[in-house]
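What you are looking at is a predicted structure, and each value in this text was computed from that prediction instead of being measured. Reckoned from all heavy atoms, side chains included, excluding hydrogens, waters and symmetry mates. Protein chains get the first letters and strands the later ones, always in sequence-line order, with residue 1 at the start of each.
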2 protein chains.
Amino acid sequence: MEGKQVKEDMEARLLEGGVRPTAMRLLISKFMLQQDTAVALTDIENAFAKVERTTIYRTIKTFEEKGIVHQIDDGTGIQKYALCEKGCKCDIARDLHLHFHCRNCNQTVCLTNYKLPHINLPQGYSAEDISLVVTGICKKCGL
Amino acid sequence: MEGKQVKEDMEARLLEGGVRPTAMRLLISKFMLQQDTAVALTDIENAFAKVERTTIYRTIKTFEEKGIVHQIDDGTGIQKYALCEKGCKCDIARDLHLHFHCRNCNQTVCLTNYKLPHINLPQGYSAEDISLVVTGICKKCGL
DNA sequence: TTAAGTATGCACTTCCATTGCATTGGATGA
DNA sequence: TCATCCAATGCAATGGAAGTGCATACTTAA
Ligand SMILES: [Mn+2]
Ligand SMILES: [Mn+2]
Ligand SMILES: [Zn+2]
Ligand SMILES: [Zn+2]
């Protein structure tokens, strides 16, 4: 019954975002909900051998457009994604947060409690998005 | 004669870094010195049609290992590079700086005067490298 | 029930990073 | 000067991942 609750929550969330909650989309979004790290397309592909890569690709892109997930560029050159938090508008000051990439386990996590510091820029520059990624050794991999 | 000075400077810099200053390496490093934005492999390739892509690739990698250039991941998925400043050890607190990527002109610049703010991490995490990239509209592209 | 619009599946392309191996060139010592 | 060795360069090929075009299946609403 807990699983059902999760499912309904996710369904509601997709609907809120204006995304039709198809089987595929529920499958993928629920998978992401279970992860405690950011996922790459390939991760999802491996988790569901049956599902077409393109479908996953387009699903994620749809999620991204509708503000259901955010993309993370952790420096590996591979795009990662994570679910946005409830009420997230990807606002620089309120929602954007630090990401940590572990060079040992190669995993990337959202540190949603660590918001971005205020950045000031030279005259004439305007900020629309900010990426702050720390690379090092994560909690699990540290001795 | 100024050009010659630059050449000698660059040559000295390569030698300091333990890199033999071959013609190719001087060519590429001097090219980078002239740029006011970070460059991709392809940029160098286009600038010198004669030069093999692989050679550029390996040259840049050598430079990176020896601390002559630093790599920048600006979120485009294409690796960019820029010369390190004199005396740079890529130390987090002292040397690392903000990078700005303009979504209009698609160029990325080092804001070397804008050092990284101090980042604190959750217990158990250790930082070895930090990337802070702001995306938006640059000085030139803003009205 | 049908028609229109979405979502999904499949094939294919493109772009860039990366590697293996052949060849060249420059420093060094006989 | 010449032979030799190692590093640098060139050439060809690979591989991974993002992205696109088009055919097909599914939903929804008239
Ligand atoms: Mn995140
Ligand atoms: Mn820089
Ligand atoms: Zn780790
Ligand atoms: Zn610009």
- Query: Under the side-chain contact (heavy atoms from CB on, under 4.5 Å) test, which residues partner A/Glu128, sequence neighbours left out?
  - Reply: B/Arg103, B/Ile137

- Message: Going by the rule side-chain contact (heavy atoms from CB on, under 4.5 Å), which residues pair with B/Asp91 if we only count those two or more places apart in sequence or in a different chain?
- Response: B/Ala93, B/Arg94, B/Asp95

- Message: Please list, in numerical order, the residues of residues 62-83 of chain A that have a heavy atom closer than 4.0 Å to any atom of DNA chain C.
- Response: none

- Message: I need the CZ-P distance between B/Phe48 and D/dT9, as an integer number of Å.
- Response: 13 Å

- Within a strict 4.5 Å, meaning less than it, do heavy atoms of the A/Met32 and A/Val69 side chains meet? yes

- Query: Who pairs with A/Thr54 by side-chain hydrogen bond (donor to acceptor under 3.5 Å, both in side chains), at least two apart in sequence or on another chain?
  - Reply: A/Glu52

- Whole Å only: how far is the CD atom of A/Glu52 from the P atom of D/dA18? 14 Å

- Message: Between A/Tyr125 and B/Leu98, is there a side-chain heavy-atom distance shorter than 4.5 Å?
- Response: no

- Query: In whole angstrom, what separates A/Ile44's CD1 from D/dA17's P?
  - Reply: 13 Å

- Task: Could you list the residues that satisfy side-chain hydrogen bond (donor to acceptor under 3.5 Å, both in side chains) with B/Arg53, not counting sequence neighbours?
- Result: B/Glu45

- Query: Listed by chain and number, what are the side-chain contact (heavy atoms from CB on, under 4.5 Å) partners of A/Asp43, not counting sequence neighbours?
  - Reply: A/Val39, A/Ala40

- Note on the structure: residues 113-122 of chain A vs salt bridge (charged side-chain N to carboxylate O under 4.0 Å, His left out), sequence neighbours excluded, gives none

- With sugar-phosphate meaning primed atoms plus P, OP1 and OP2, does B/Lys50 contact a base, only sugar-phosphate, or nothing at under 4.0 Å between heavy atoms? nothing

Can you pull every protein N or O that's under 3.5 Å from an N or O on nucleotides 20-27 of chain D?
{"residue": "D/dG21", "atom": "O6", "partner": "A/Arg58", "partner atom": "NH2", "Å": "2.7"}

- Query: With sequence neighbours left out, what residues match A/Phe48 under ring-ring contact (aromatic ring centres under 6.0 Å, His included)?
  - Reply: A/Phe31

- Any side chain to side chain donor-acceptor pair (under 3.5 Å) involving residues 80-89 of chain B? Give me the pairs, sequence neighbours left out, ordered by first then second residue. B/Lys61-B/Tyr81, B/Gln71-B/Tyr81, B/Asp74-B/Lys80, B/Gln79-B/Tyr81

- Task: With DNA chain D as reference, determine whether B/Thr22 or A/Leu41 sits nearer its 5' end, using the nearest nucleotide of each.
- Result: B/Thr22

- Task: For B/Asn120, check side-chain contact (heavy atoms from CB on, under 4.5 Å) against everything at least two apart and list the hits.
- Result: A/Tyr114, B/His118

- Task: At the 4.0 Å heavy-atom cut-off to chain B, mark where contacts on DNA chain C begin and end, going 5' to 3'.
- Result: C/dC16 to C/dC21

